[in-house]
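Heads up: the structure comes next, in structure tokens.
Given the structure is predicted, the values throughout are model-derived calculations rather than measurements. Per chain, numbering begins at 1; letters A, B, ... match sequence-line order.
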Amino acid sequence: MSTVHNPNAVPRVMRDSSEWRPTAYRSHTIGEVVSNGADMVGSEVTVAGYAETVRGRGGVCFLMLRDGTGHIQAFLKRDNMDESLFGSIQSATRESTIQVTGTVAQKRPPKVAEGEPVPPPEYEVNVTTAAVLADAAAPLPVGVTDDVHVGLDVRLDNRHLDLRRAHVNAMFQLRSKVLQYGRDHLISEGFQEINTPKIIAAAAEGGTNLFPMKYFETDAYLSQSPQLYKQLAVLGGLERVFEIGPAFRAEKHDTYRHLNEFISFDIEGAWMDDEDVMGVQERMIHHIWSEVVANDQSLFDIINEYRASQGQESVTIEVPTVPFPRIPYCDAINIVKAGGGEIEWGDDIESHHCDIIAAEHPGFHFIPRWPMSMKPFYIHHKEGEEGSAGGQLSRGFDLNYGRDEMTSGGQREHRVDVLEQNLRNMGLEPTDFTFYTDGFRYGAPPHAGWGLGVARLLMVLTGAGNVREVVLFPRDRSRVTP
RNA sequence: GCCCUGAUGGUGUAGUGGCCUAUCAUGCAGCCCUGUCGAGGCUGCGACCCGGGUUCAAAUCCCGGUCGGGGCGCCA
């Protein structure tokens with residue numbers, strides 16, 4: 001039933017490289033030769049890549065070469081080239097880097113069983129000269145083309161090899177695309193990209209633990225959120241800003257969705273409330289999904305081919321409908337209660353509660369209007385907006401996908417006297433926050449924003465079961481290398 | 001931090017006190033064949049996490065250590 005190893009199903013082009021210039025080591029990318037083979041027959045090319053397989057121990061040798069754009073067969077004949085050179089290629093180990101020069105030719109078609117369709121023509125390079133650029137040690141700690149399952153820990157220890165695997169490469173291409181489409185969308189809505197400091201003197205939010213560091217002679221910390229700085233940028237009149245940058249949290253969590261260093265996709269906009277920025281968010285996600293569907297299906301084909309080899313279901317991308325459902329906190333509590341969960345108004349909605357909600361709302365959904373007592377001091381509230389049990393509601397919201405929280409956001413408190421009262425209500429001393437509250441003393445626009453976990457979004461999109469899969473070199477409780 | 005669980009060749013696995021000089025796949029090495037193409041055929045190589053204990057006998061049971069995995073909490 002599996003077509004995993006049907007060579008006709010193997011995508012030969014991994015990304016578009018039609019605009020790439022020649023480099024010192026190649027005249028063409030492999031992807032270009034694969035795509036334009038018919039027009040290139042007879043022309044001389046130099047390509048370079050990793051040796052995926054080296055077949056043939058006699059007078060001919062088949063070298064499957066892969067670069068970042070695709071793979072192609074190089075055909076070597078002992079009679080056609082320097083004999084010792086031929087020998088060095090023929091005995092090369094898998095994943096060695098090899099450069100070949102030769103002419104493009106149509107491949108002889110493979111033998112197919114009676115009645116089987118003849119595959120479309122493919123092209124190869126008939127090699128006249130070649131060079132091993134760097135030998136790969138054998139055996140490989142992680143097989144690049146093997147179907148054997150490899151544990152995540154081993155993969156991350158050998159990420160440089162793991163990344164050579166087609167589906168892993170595809171995931172990181174998708175990651176880049178998602179950020180690109182997200183940026184494009186925000187820019188189209190008038191947001192501008194900023195960068196805020198990651199070395200800070202004090203906590204931007206209470207609750208989370210900071211990594212301490214020495215800043216020359218002074219105690220400092222790694223930033224756990226751009227929150228306060230992006231607000232200051234908006235107060236300063238930048239109006240609509242976004243940042244894609246690292247955040248650091250010294251929390252000893254150990255789950256599939258937490259890292260101690262993660263990339264946060266943050267926006268903040270002036271003259272906006274929580275509903276306004278929820279709109280920005282759902283439009284952005286809708287745009288990302290739409291663009292991915294329109295442009296990047298081939299990356300999913302690669303991922304799904306691998307998933308099939310592992311007995312996993314295919315991932316499919318469905319563009320979510322806008323607007324996303326809104327399930328206000330009070331309603332969410334009722335859903336959990338009705339579903340048999342033990343929860344009271346004022347309790348946090350925990351993962352097992354989210355499972356109950358996700359049963360009704362499996363996709364993206366906002367949970368707005370959390371109790372003010374559960375939100376940080378900078379979250380805005382409207383006097384008189386009270387929950388079903390009478391407590392003050394806030395204009396803070398979460399975005400979940402199924403059981404997983406993607407985003408936390410809200411309208412911010414722009415009234416400095418309320419801000420200071422919020423601090424006191426939470427047992428904090430306003431004078432410790434003057435670096436922040438001073439920004440509000442000279443006229444502050446009402447504003448709102450959110451922070452989105454990029455890896456969590458990618459996890460949803462790619463079907464990865466762990467954020468570590470979509471983070472190049474993840475930093476978790478026990479991993480700081482490589 | 002809490003609960004549960006695991007560690008067997010390079011990788012992934014089988015194994016439940018003696019059938020284990022340990023299974024299978026992949027890999028690696030060599031040979032044969034070959035314009036191959038998931039190449040194929042043959043031969044070989046390579047492992048029970050560390051330390052202690054129980055037992056006639058330990059990959060298997062117990063204790064400690066180390067390192068993983070799952071869940072929870074917290075969060076994005």
My understanding is that only residues two or more places apart in sequence, or in another chain, count here; which of them pass salt bridge (Lys or Arg N to Asp or Glu O under 4.0 Å) with [X]?
| X | result |
| --- | --- |
| A:Arg165 | A:Asp162 |
| A:Glu189 | A:Arg283 |
| A:Asp347 | none |
| A:Asp274 | A:Arg369, A:Arg395 |

Does A:Arg456 have a side-chain nitrogen or oxygen under 4.0 Å from the phosphate oxygens OP1 or OP2 of B:rA76? no
A:Thr255 vs B:rC74: side-chain N/O to OP1/OP2 distance below 4.0 Å: no
Would you classify [X] as touching base, sugar-phosphate or nothing, given that sugar-phosphate means primed atoms plus P, OP1 and OP2, and contacts are heavy atoms under 4.0 Å?
| X | answer |
| --- | --- |
| A:Phe75 | base |
| A:Asp404 | nothing |
| A:Pro109 | base |
| A:Ser408 | sugar-phosphate |
| A:Glu124 | base |

May I ask you to verify whether the side chain of [X] and the base of [N] hold a donor-acceptor pair under 3.5 Å?
| X | N | result |
| --- | --- | --- |
| A:Lys107 | B:rC37 | yes |
| A:Arg477 | B:rG1 | yes |
| A:His258 | B:rC74 | yes |

Please measure how far the [atom1] atom in [N] lies from the corresponding atom in [M], and state the result in whole Å.
| N | M | atom1 | answer |
| --- | --- | --- | --- |
| B:rC20 | B:rA47 | C1' | 13 Å |
| B:rG17 | B:rC75 | P | 47 Å |
| B:rU16 | B:rC48 | C1' | 15 Å |
| B:rU13 | B:rG70 | P | 13 Å |
| B:rU21 | B:rC45 | C1' | 15 Å |
| B:rA7 | B:rG65 | C1' | 13 Å |
| B:rG64 | B:rG6 | P | 15 Å |
| B:rU26 | B:rG46 | C1' | 13 Å |

Counterpart residues, side-chain hydrogen bond (donor to acceptor under 3.5 Å, both in side chains), relative to A:His381 (two or more places apart): A:Glu383
Tell me, please, which residues at least two apart from A:Arg55 pass side-chain hydrogen bond (donor to acceptor under 3.5 Å, both in side chains). none
What is the distance, to the nearest angstrom, from the [atom1] atom on [X] to the [atom2] atom on [N]?
| X | N | atom1 | atom2 | value |
| --- | --- | --- | --- | --- |
| A:Lys252 | B:rC75 | NZ | C1' | 17 Å |
| A:Glu251 | B:rC74 | CD | C1' | 6 Å |
| A:Asp254 | B:rA76 | CG | P | 18 Å |
| A:Tyr256 | B:rC72 | OH | C1' | 11 Å |
| A:Leu63 | B:rG35 | CG | P | 18 Å |

Testing A:Phe172, A:Phe300, A:Tyr306 for ring-ring contact (aromatic ring centres under 6.0 Å, His included) with A:His167, which one passes? A:Tyr306
Do you know which of A:Trp450, A:Phe324, A:Phe366, A:Tyr329 makes ring-ring contact (aromatic ring centres under 6.0 Å, His included) with A:Phe397? A:Phe366
Decide side-chain contact (heavy atoms from CB on, under 4.5 Å) for A:Arg94 and A:Leu140; before the verdict, give the C-alpha distance in whole Å, the side-chain angles of both, and the deciding distance to 0.1 Å. CA-CA 8 Å; A:Arg94 295 199 304 170; A:Leu140 300 165; 4.1 Å; yes
Each base of RNA chain B marked ( ) or [ ] if paired in-strand (Watson-Crick or G-U under 3.5 Å), | if paired to another strand and . if unpaired gives (((((((..(((.....[.....)))((((((.......))))))...(((((..]....))))))))))))....
Go through it in stages, so that I can follow the logic: the residues are A:Leu259 and A:Arg475, the test is side-chain contact (heavy atoms from CB on, under 4.5 Å), and I'd like the CA-CA distance, side-chain angles, deciding distance and then a yes or no. CA-CA 6 Å; A:Leu259 292 174; A:Arg475 292 290 177 258; 5.8 Å; no
Show me the protein contacts with nucleotides 3-8 of chain B, counting only N or O atoms at under 3.5 Å.
none

Where do N or O atoms of nucleotides 10-14 of chain B meet protein N or O atoms at under 3.5 Å, pair by pair?
unit_1, atom_1, unit_2, atom_2, d
B:rG12, OP1, A:Gly151, N, 3.1
B:rG12, O4', A:His149, O, 2.8

By nearest atom, which of the nucleotides B:rC75, B:rC72, B:rC28 is closest to the A:Arg403 side chain? B:rC72
Those residues of residues 174-186 of chain A lying under 4.0 Å from RNA chain B by at least one heavy atom: none
Does anything in residues 83-100 of chain A come within less than 4.0 Å of RNA chain B? Heavy atoms only, and list the residues if so. A:Arg94
Pairs touching residues 97-107 of chain A that satisfy side-chain hydrogen bond (donor to acceptor under 3.5 Å, both in side chains), sequence neighbours left out: A:Thr46-A:Thr101
Is there a side-chain contact between A:Met81 and A:Val127 in this structure, where contact means two heavy atoms from C-beta onward sitting under 4.5 Å apart? yes
Rounded at 0.5 Å granularity, tell me how far CG in A:Leu457 sits from CG in A:Leu174. 11.0 Å
Taking side-chain contact (heavy atoms from CB on, under 4.5 Å) as the criterion, tell me which of A:Val33, A:Val34, A:Thr29 meets it with A:Thr69. A:Thr29
Stepwise salt bridge (charged side-chain N to carboxylate O under 4.0 Å, His left out) test for A:Asp331 and A:Arg326: CA-CA 9 Å; A:Asp331 294 358; A:Arg326 266 76 168 159; over 6 Å; no
A:Gln106 or A:Ile349: which one's nearest nucleotide on RNA chain B is closer to the 5' end? A:Gln106
Heavy-atom nearest nucleotide on RNA chain B taken for A:Ile263 and for A:Glu350; more 5' hit belongs to A:Glu350
Out of A:Arg257, A:Arg468, A:Arg249, which residue meets the salt bridge (charged side-chain N to carboxylate O under 4.0 Å, His left out) rule with A:Asp476? A:Arg468
Does the side chain of A:Thr196 come under 3.5 Å of the side chain of A:Lys198 through a donor N or O and an acceptor N or O? yes
Are A:Glu52 and A:His71 close enough that a side-chain donor and a side-chain acceptor fall under 3.5 Å? yes
Output yes if the stacking criterion (under 5.5 Å between centres, under 30° between planes) is met for A:Phe62 over the base of B:rG35, else no. no
Cation-pi check, A:Arg240 to A:Phe191: give yes when NZ or CZ is under 6.0 Å from the six-membered ring centre and within 45° of the ring axis, no otherwise. yes
